[in-house]
Amino acid sequence: MSAADTTTPTKVPPPRQAPPGPPAAAGSAPGPKRSGGAAVPWALLAPCLLVLAVVLGYPLVRLVTLSFQKFGQSQLWGFQPAESVGFDNFAKVLGDGEFWTVVVRTVVFAAACVVFTMVIGMLIALLLQRVSGWVKTLINIALVASWGMPIIVATTVFKWLFDSDYGIFNALLSKLPGVDMIGHNWFASGPEGLAVITLLVVWGAVPFVVITLSAGLTQVPKELEEAARLDGAGAWGVFRYVTLPILKPIVVMLTTLSVIWDMGVFPQVFVMRNGHPEAEFQLLTTYSYDRAFVVNDYAQGSAIALLTVLLLLGVIGVYMRQMLKIGEVE
């Protein structure tokens with residue numbers, strides 16, 4: 001008998017099995033997935049959507065309706081019913097050379113306001129990163145105070161600053177050698193008057209841009225800036241290749257909002273020209289107002305306003321496309 005025959009084989013223990021679960025109740029079936037979670041966000045948004053539908057939806061629907069009708073004082077007072085004229089109002093507006101002059105003037109005015117606002121706001125935001133804490137606090141207080149000033153008050157202050165007889169700006173310029181601006185009327189020509197209004201719009205818009213960009217600059221990693229400097233990049237190189245790419249979503253958002261706001265400038269021009277803007281001061285907003293409430297052609301005024309809305313929707317479309325691209329890159 002060999003050793004293999006006398007050796008007792010080792011028995012492997014059977015694998016452990018999980019204890020059986022509790023018995024299912026008779027007639028029970030697995031329950032469906034809870035779908036109430038998808039309705040909660042809509043329920044929370046419902047009050048806001050309702051307010052937007054009432055405040056913005058009805059005026060927009062009424063605007064579209066009027067733009068396709070013949071609607072003047074007779075229709076306003078109920079002497080005649082409103083008549084549907086199809087696209088006649090749009091044909092008259094688009095065939096008017098004055099309308100296209102106003103469109104070009106509005107686009108140039110808005111572009112100038114946006115460029116100056118973004119450049120000045122970026123410079124101030126960058127400078128705030130290099131000053132002491134108490135200086136930054138004082139500047140922020142001044143920015144918030146100017147931002148919170150009502151538009152009518154700010155416009156009145158600028159009218160006084162650039163007054164031809166008592167304006168401080170003319171007096172200060174006249175102190176320069178060879179400059180005599182006493183009695184100069186800044187609103188005698190359209191370009192000079194619009195330059196003053198541009199300065200007013202930029203002055204009111206810069207605080208928001210500065211505060212927003214300052215918040216964004218706190219998210220720029222200092223390690224990346226230090227690494228760029230060690231690689232030999234100067235101040236412009238650090239800003240271009242490190243700071244600006246990180247701030248791009250904020251810059252795109254601010255630029256789009258500035259375009260929308262500056263395309264819709266109305267009270268600055270209206271108040272600065274005492275409620276009667278001359279032809280060389282007309283923007284799309286004031287031009288629509290004049291057509292509706294001065295000429296009493298509410299249909300054409302509505303058509304001009306609707307064309308302005310469509311133009312701004314194009315700007316919003318570009319903004320959404322840029323934001324989607326930024327999201328895909330991230």
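Ring orientation note: the planes of Phe71 and Tyr298 are nearly perpendicular, at an angle over 60° on the 30°/60° scale. Under the 30°/60° scheme for interplanar angles, the aromatic rings of Phe87 and Phe68 are found to stand perpendicular. Ring geometry, Phe99 versus Tyr287: the interplanar angle falls from 30° to 60°, so the pair is classed tilted.
One finds the CD1 atom of Ile139 at 9.5 Å from the OG atom of Ser214 (value rounded to the nearest 0.5 Å). Annotation: the span from His184 atom NE2 to Asp165 atom CG amounts to 12.5 Å, rounded to 0.5 Å. Between Thr243 atom OG1 and Trp236 atom CH2 the span is 10.5 Å, to the nearest 0.5 Å. The CG atom of Leu56 sits 12.0 Å away from atom CG of Leu63, with the distance rounded to the nearest 0.5 Å. In this structure, CG on Leu313 lies 11.0 Å from OG1 on Thr308, to the nearest 0.5 angstrom. Here the CG-NZ distance, from Leu127 to Lys136, works out to 11.5 Å after rounding to the nearest 0.5 Å.
Both Val251 and Met253 are part of a single hydrophobic cluster, where members link through side-chain heavy atoms under 4.5 Å apart. Placement of Ile197 and Val157 within a single hydrophobic cluster is found when ILVMFWY residues are connected by side-chain heavy-atom separations under 4.5 Å, directly or transitively. Ile151 and Val209 sit in two unconnected hydrophobic clusters of ILVMFWY residues. Membership requires side-chain heavy atoms under 4.5 Å apart, directly or through other members. Leu138 and Val135 end up in the same hydrophobic cluster when Ile, Leu, Val, Met, Phe, Trp and Tyr side chains are linked at under 4.5 Å. Hydrophobic clustering (ILVMFWY, side-chain heavy atoms < 4.5 Å, transitive): Phe116 and Phe208 are in distinct clusters.
Using a distance-only test at 3.5 Å, with no hydrogens or angles considered, a donor-acceptor pair links the side chain of Thr106 to the main chain of Leu284. Using a distance-only test at 3.5 Å, with no hydrogens or angles considered, a donor-acceptor pair links the side chain of Ser146 to the main chain of Leu143. At distances below 3.5 Å, not a single donor-acceptor pair connects side-chain atoms of Asn296 with backbone N or O atoms of Gly72. Formation of a donor-acceptor pair under 3.5 Å by the Thr286 side chain with backbone atoms of Gln282 is not found in this model. No donor-acceptor distance shorter than 3.5 angstrom exists from the side chain of Thr117 to the backbone of Val202, with no hydrogens or angles considered. Between the side chain of Thr198 and the backbone N or O of Leu194, at least one donor-acceptor pair lies under 3.5 Å. Although no hydrogens or angles enter the test, the distance criterion places no donor-acceptor pair under 3.5 Å between the side chain of Ser288 and the main chain of Thr285.
No side-chain heavy atom of Met272 sits under 4.5 Å from any side-chain heavy atom of Phe281. You'll find the side chain of Arg130 stays beyond 4.5 Å of the side chain of Leu126, heavy atoms only. Two residues are said to be in side-chain contact when any heavy atoms from C-beta on lie closer than 4.5 Å; Arg229 and Glu226 meet this criterion.
Listed by first and then second residue, the salt bridge (charged side-chain N to carboxylate O under 4.0 Å, His left out) pairs that reach into residues 302-315 come to none, sequence neighbours excluded. The list of salt bridge (charged side-chain N to carboxylate O under 4.0 Å, His left out) pairs with a residue in residues 275-294, not counting sequence neighbours, reads Asp96-Arg291, Glu98-Arg291, Arg273-Glu278.
Considering only residues two or more places apart in sequence or on other chains, Ser132 meets the side-chain hydrogen bond (donor to acceptor under 3.5 Å, both in side chains) condition with Trp134.
Nearest heavy-atom pair, Ala171 versus Ile182, reported as atom, atom and distance to 0.1 Å: CA-CD1, 4.3 Å. Minimum interatomic distance between Val102 and Leu283 (heavy atoms only, all atoms of both residues): CG1-C, 3.4 Å. In this structure, Gln69 and Thr65 approach most closely via the heavy-atom pair CG-O, 3.3 Å. The two residues Thr155 and Gln268 come nearest to each other via the heavy atoms CG2-O, 3.8 Å. The nearest pair of heavy atoms linking Pro245 to Arg240 is CD-O, 3.2 Å. Of all the heavy atoms in Glu192 and Trp186, the pair that sits closest is CB-O, 3.3 Å.
Within 6.0 Å of CZ on Phe90 lie more than 12 heavy atoms contributed by other residues, nucleotides or ligands. Other residues, nucleotides and ligands contribute over 12 non-hydrogen atoms within 6.0 Å of the NZ atom of Lys159.
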Open item on the list: One pair to check against side chain to side chain contact (heavy atoms under 4.5 Å, CB included): Leu94 and Leu307. What are the steps and the verdict?
Closed with: CA-CA 10 Å; Leu94 296 176; Leu307 290 173; 3.9 Å; yes

- [ ] Begin with the C-alpha distance, continue with both residues' side-chain angles, and end with the deciding distance and a verdict on side chain to side chain contact (heavy atoms under 4.5 Å, CB included) for Ile124 and Leu213.
- [x] CA-CA 9 Å; Ile124 296 177; Leu213 289 177; over 6 Å; no

- [ ] For the pair Phe169 and Val196, evaluate side chain to side chain contact (heavy atoms under 4.5 Å, CB included) and give the outcome as yes or no after the intermediate values.
- [x] CA-CA 11 Å; Phe169 195 75; Val196 176; over 6 Å; no

- [ ] Verify side chain to side chain contact (heavy atoms under 4.5 Å, CB included) between Trp42 and Leu49, making sure each step is shown before the conclusion.
- [x] CA-CA 9 Å; Trp42 290 104; Leu49 295 177; 4.2 Å; yes

